[in-house]
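Just so you know, these numbers come straight off a predicted model, no measurement behind them.
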Amino acid sequence: MFHERLEPVSRRLMQTDVNHGALKLYEGRCHREEVAQQNDDGFSFLTPERYIELRLEDQLNYYSNKTPKLEKQVKQMQIAILVAGGVGTLLAAVGAELWVALTTALATSLTTWLVSRQLEETLVRYNQSAADLANVRDWWTKLSPAAKRNPKNIEQLVEVTEQVLETELSGWVQRMENALAQLKAAEEKGEKSDGDESQQKNEDTPPPPQADGSSPKAEPAASPGQHDT
C-alpha cells in the first residue's frame, strides 16, 4: 500500500520543474531555505498535531514567506517597464529617435521576462493557497478535544489540506502543458508557412530560357511536402 501511494506521487513530481534539476536525497529534513524540519524522519506515525506542524504549517510558512518577495519583484518589474516606456516617449519628444528603439526593446524584454516567469499568477496562487491552509488550521483549532479524536475530522483535515496543495501543484503542471502545446503549435505553423512560401516562390518564378528559344514543357507544381522546410 505504501508503494502504491508513493508511485503516483513520484510520477506527478517528475511532471514539474523539479525534473530539470538534480534531486537531492531525503535526509529527514526539508531542503527549502525557508523551513527545515529537524524532527521529521519521514516514516514515523503522524498524529493530527504533528501533521499540522510538519505538513500544513510548513507549507503555510513557505507561501507566507514567498508572497512578499514575489510582490516586490512584480512591482519592481512593473516600475522598470513604465520607466523605460516614459524615457522612450521623452526621447521621441526631444527628437532623439535613434534611442527610442533601445528603450522600446528594453521595455519589451522586461515585459516578456515578467510574462515568462508568471510572477503575478504565482503570487495569486500562493496567496489563495495560504488563505485556504489558514482556514483549515483555524477550523481544526476551534474543534473540541473530543471532535479532534473523531476519525472523520482527522480524515477531513488531511483530505482538505492535500487538496489545497494538489491544486497549487496542478497549476504548475497545467501551465507547463499549455506552454508546450503553444510551442508545438507555433513550430507547426512556422513549418507550414515556410512550405507555403516555398511553393509560392516556385510557382511565381518564370522558367529559364532555352537555348533553342522554345519554351519548356510545363511541369506540375511541387507540393509543399516536396520542399525542404
Side-chain angles (χ1 to χ4, degrees), residues 1-76 78 117-179:
M1 181 181 299
F2 183 64
H3 169 72
E4 291 176 355
R5 295 294 182 90
L6 282 182
E7 185 176 359
V9 172
S10 62
R11 290 182 181 275
R12 190 178 307 160
L13 179 65
M14 290 300 101
Q15 297 177 358
T16 66
D17 290 338
V18 75
N19 196 26
H20 298 281
L23 300 180
K24 299 180 180 179
L25 295 178
Y26 182 74
E27 299 176 352
R29 65 177 59 187
C30 182
H31 290 285
R32 287 202 302 244
E33 59 182 0
E34 289 81 7
V35 179
Q37 297 291 348
Q38 300 289 345
N39 57 344
D40 180 19
D41 58 8
F43 296 97
S44 299
F45 180 76
L46 281 178
T47 63
E49 289 73 20
R50 276 178 54 82
Y51 176 81
I52 291 177
E53 175 188 357
L54 301 178
R55 181 64 168 163
L56 191 152
E57 291 284 359
D58 175 81
Q59 296 293 325
L60 180 57
N61 291 335
Y62 174 77
Y63 294 140
S64 300
N65 292 331
K66 275 291 187 180
T67 49
K69 299 178 182 179
L70 290 174
E71 181 186 13
K72 183 178 180 180
Q73 292 180 3
V74 170
K75 289 185 177 180
Q76 288 177 345
Q78 290 176 342
R117 293 295 302 274
Q118 298 185 344
L119 297 180
E120 294 179 331
E121 293 83 352
T122 302
L123 177 61
V124 171
R125 285 202 314 275
Y126 280 8
N127 281 326
Q128 184 62 51
S129 299
D132 293 339
L133 291 178
N135 291 333
V136 175
R137 180 192 58 186
D138 296 340
W139 165 80
W140 178 263
T141 302
K142 73 179 182 61
L143 294 179
S144 64
K148 290 181 179 180
R149 294 191 297 268
N150 189 330
K152 292 184 178 180
N153 290 333
I154 297 175
E155 182 178 357
Q156 184 176 0
L157 167 67
V158 176
E159 286 185 354
V160 175
T161 301
E162 296 301 325
Q163 184 178 4
V164 171
L165 300 178
E166 182 179 1
T167 301
E168 193 274 325
L169 177 61
S170 300
W172 287 101
V173 177
Q174 186 63 41
R175 283 168 51 193
M176 287 190 295
E177 291 177 352
N178 293 339

Atom pair CD (Q163) and CD (Q156), whose distance is rounded to the nearest 0.5 Å: 10.5 Å
From CG (L56) to CG (N61), nearest 0.5 Å: 9.5 Å
Donor-acceptor contact present, side-chain S129 to main-chain Y126, <3.5 Å: no
Neighbour count >12 (heavy atoms, 6.0 Å) for atom CD, E49: yes
T47 and Y51, any side-chain heavy atoms less than 4.5 Å apart: no
Nearest-0.5 Å distance, CG of residue L119 to CD of residue Q76: 10.5 Å
Salt bridge present between K75 and E71 (N-O < 4.0 angstrom): yes
Flag, side chain of N153 to backbone of K148, donor-acceptor distance under 3.5 Å: no
E162 side chain near R55 side chain, heavy-atom distance below 4.5 Å: yes
4.5 Å side-chain heavy-atom contact, W139 and V160: no
Test side chain to side chain contact (heavy atoms under 4.5 Å, CB included) applied to I154 and N150, step by step: CA-CA 6 Å; I154 297 175; N150 189 330; over 6 Å; no
Donor-acceptor side-chain pairing of Q78 and E120 below 3.5 angstrom: yes
Atom pair CD/CG of Q128 and L133 - distance to nearest 0.5 Å: 10.0 Å
Contact summary for D58 and L54, nearest pair of heavy atoms: CB-O, 3.2 Å
Taking every non-hydrogen atom, the tightest pair across A130 and L60: O-CD1, 3.3 Å
Side chains of I52 and T141 in contact at under 4.5 Å (non-hydrogen atoms): no
Side chains of E168 and Q59 in contact at under 4.5 Å (non-hydrogen atoms): no
Worked check of salt bridge (charged side-chain N to carboxylate O under 4.0 Å, His left out) between R125 and E121: CA-CA 6 Å; R125 285 202 314 275; E121 293 83 352; over 6 Å; no
Distance, nearest 0.5 Å, that separates CD of E166 from OG1 of T161: 12.5 Å
Backbone N/O of S64 and side chain of T67: donor-acceptor pair under 3.5 Å: yes
